[in-house]
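Here's the structure we're looking at; comments come further down.
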Amino acid sequence: MKKPILLLIVILIMNIFYLPETGQAAIPSGFQKVVLKNGIKVYYQVMKGQPMVSFYALFNIGMNQEKVKGIAHLMEHLVFRGGQGDTFQEVAEVTVKKGGLFNGFTSLNHTAFNYTVPQGDLLEALATFNNSIWNPNLSSSAIALEKKIVMHELNMDYSNRYQYYPIYRYFYPEFSYTKEIIDTITTADLIRFHQNHYQPGNATYIIAGDFEVKLVLSELEKLHNGYGSVADRVKVTLPWEFSLPKGEIIESRNIAPYQFQLLLGYEFSGLSAKEQMLLRMLAYLYGYDIKINYEMNEYQIYHVLTRTVGQKDYFGIYYLGRNRPLNSQTLAKEKA
């Protein structure tokens with residue numbers, strides 16, 4: 001039985017983009033790599049007989065490197081609004097209305113876009129996909145609409161993560177931006193951001209399915225930034241760094257009567273790529289525990305989190321308790 005297309009691509013993305021910068025990405029079995037004349041890197045696997053083709057475009061720009069807070073996320077939304085000459089309706093016509101899908105995300109270090117379409121509709125979908133990415137509609141009406149949608153997403157996220165405020169404030173501060181910050185982003189800011197980061201040399205395509213390799217590669221080799229380039233193009237640097245106390249309480253607070261949060265932070269240095277990965281795996285496997293007494297409306301939640309920023313590794317322990325007052329005695333007990 002053949003591996004699902006999406007699973008193969010997810011494995012490849014993790015290998016290429018989620019290892020530390022010093023690590024060497026391993027290409028999963030079956031994928032070929034080619035660098036086109038315009039600088040686009042392509043990883044592909046031909047899977048004869050597969051009814052669907054999935055293709056990703058990934059860019060080395062995310063929330064860590066953006067100079068204007070929130071602009072990478074806003075640009076991701078605008079790309080899915082459609083390219084110049086296309087509409088959101090036409091994007092849907094070549095994807096979901098054909099039984100496929102389209103999606104994307106903005107992470108700390110990368111922005112990604114994905115179409116999955118029937119094999120027979122690949123070329124039409126690829127043309128729409130590429131027009132959206134390389135020639136996005138940056139009209140004032142499209143920007144105004146997507147600003148509202150981005151803020152709606154942030155509001156929904158905030159309501160879900162309110163109880164985890166210390167984690168996001170200290171470990172993921174780049175997630176915190178406001179409507180006022182988003183409103184300051186101008187059309188000129190977006191065009192310059194696109195000119196700077198959406199260049200072929202900063203793009204990686206990943207394609208899996210039943211397709212003609214030479215035909216698809218020839219189409220990708222024609223791609224260029226629809227807004228041109230900037231003379232003083234800003235290079236993406238290592239993420240900024242921040243400092244946390246070593247083994248100390250970073251924050252403790254009540255968020256409701258008899259309900260409090262506690263966040264402890266630890267800083268490591270000099271961990272190897274394998275040690276970083278081991279720490280992340282252990283935190284993922286064992287770093288969550290919840291105890292609930294429904295009759296008494298009491299609960300205790302523990303989280304362990306890890307993060308590498310720049311050249312430093314961080315490790316945190318987060319606690320949320322209900323119906324226990326925050327005082328020196330309970331604080332000392334939980335820290336112990």
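Residues: numbered from 1 along the sequence shown. Just so it is clear, the values below take in all heavy atoms, side chains as well, and ignore hydrogens, waters and symmetry mates. Worth saying up front: this structure is predicted, and the values here are computed from it rather than measured.
When the salt bridge (charged side-chain N to carboxylate O under 4.0 Å, His left out) test is applied to E251, the partners found at least two apart in sequence or on another chain are R169, R253. Applying the salt bridge (charged side-chain N to carboxylate O under 4.0 Å, His left out) test to E93 and every residue at least two apart in sequence or in another chain returns K97. Shown here are the ring pair (Phe, Tyr, Trp, His ring centres under 6.0 Å) partners of Y302, two or more places apart in sequence or in another chain: Y319. Remark: H194 engages Y198, Y227 in a ring pair (Phe, Tyr, Trp, His ring centres under 6.0 Å) (not counting sequence neighbours). Applying the side-chain hydrogen bond (donor to acceptor under 3.5 Å, both in side chains) rule to H303 yields no partners; only residues at least two apart in sequence or on another chain are considered. For N196, there are no side-chain hydrogen bond (donor to acceptor under 3.5 Å, both in side chains) partners at least two apart in sequence or on another chain. Listed by chain and residue number, F102, F113 satisfy the ring pair (Phe, Tyr, Trp, His ring centres under 6.0 Å) test with F80 (two or more places apart in sequence, or in another chain). Residues meeting the side-chain hydrogen bond (donor to acceptor under 3.5 Å, both in side chains) test with E212, sequence neighbours left out: none.
Applying the side-chain contact (heavy atoms from CB on, under 4.5 Å) test between Y205 and each of I133, V216, L36, L217 identifies I133 as the sole match.
Pairs of residues two or more places apart, or lying in two chains, that qualify as salt bridge (Lys or Arg N to Asp or Glu O under 4.0 Å) and include a residue from residues 134-147 are R81-E146. Applying the salt bridge (Lys or Arg N to Asp or Glu O under 4.0 Å) definition to pairs two or more places apart or across chains, those involving residues 177-202 are K179-D183, R192-D232. Within the structure, the salt bridge (Lys or Arg N to Asp or Glu O under 4.0 Å) test picks out the following pairs touching residues 290-299 (sequence neighbours left out): D289-K291. Sequence neighbours left out, the pairs with a member in residues 109-138 that pass salt bridge (Lys or Arg N to Asp or Glu O under 4.0 Å) are K98-D121, K98-E124.
Electrostatic pairing of K69 and E66 does not count as a salt bridge here, judged by no charged N lying under 4.0 Å from a carboxylate O.
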query = Do T116 and V53 pass the side chain to side chain contact (heavy atoms under 4.5 Å, CB included) test, and can you show the C-alpha distance, the side-chain angles, and the key distance before you say yes or no?
reply = CA-CA 6 Å; T116 300; V53 180; over 6 Å; no

query = Hey, mind stepping through Q84 and N131 against side chain to side chain donor-acceptor pair (under 3.5 Å) and telling me if it holds?
reply = CA-CA 7 Å; Q84 295 185 35; N131 188 39; over 6 Å; no

task = Test side chain to side chain donor-acceptor pair (under 3.5 Å) on T111 and E76 and set out the steps.
result = CA-CA 7 Å; T111 304; E76 177 218 321; over 6 Å; no

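Side chains of I249 and L263 form no contact here, defined as non-hydrogen atoms less than 4.5 Å apart.
Side-chain rings of Y115 and F129 approach one another, their centers coming within less than 6.0 Å.
One side chain, S54 or N114, offers a donor N or O that lies under 3.5 Å from an acceptor on the other. No donor-acceptor contact under 3.5 angstrom links the side chains of H224 and Q199, judged on distance only. With no hydrogens or angles considered, no side-chain donor-acceptor pair links N130 and E219 at under 3.5 Å.
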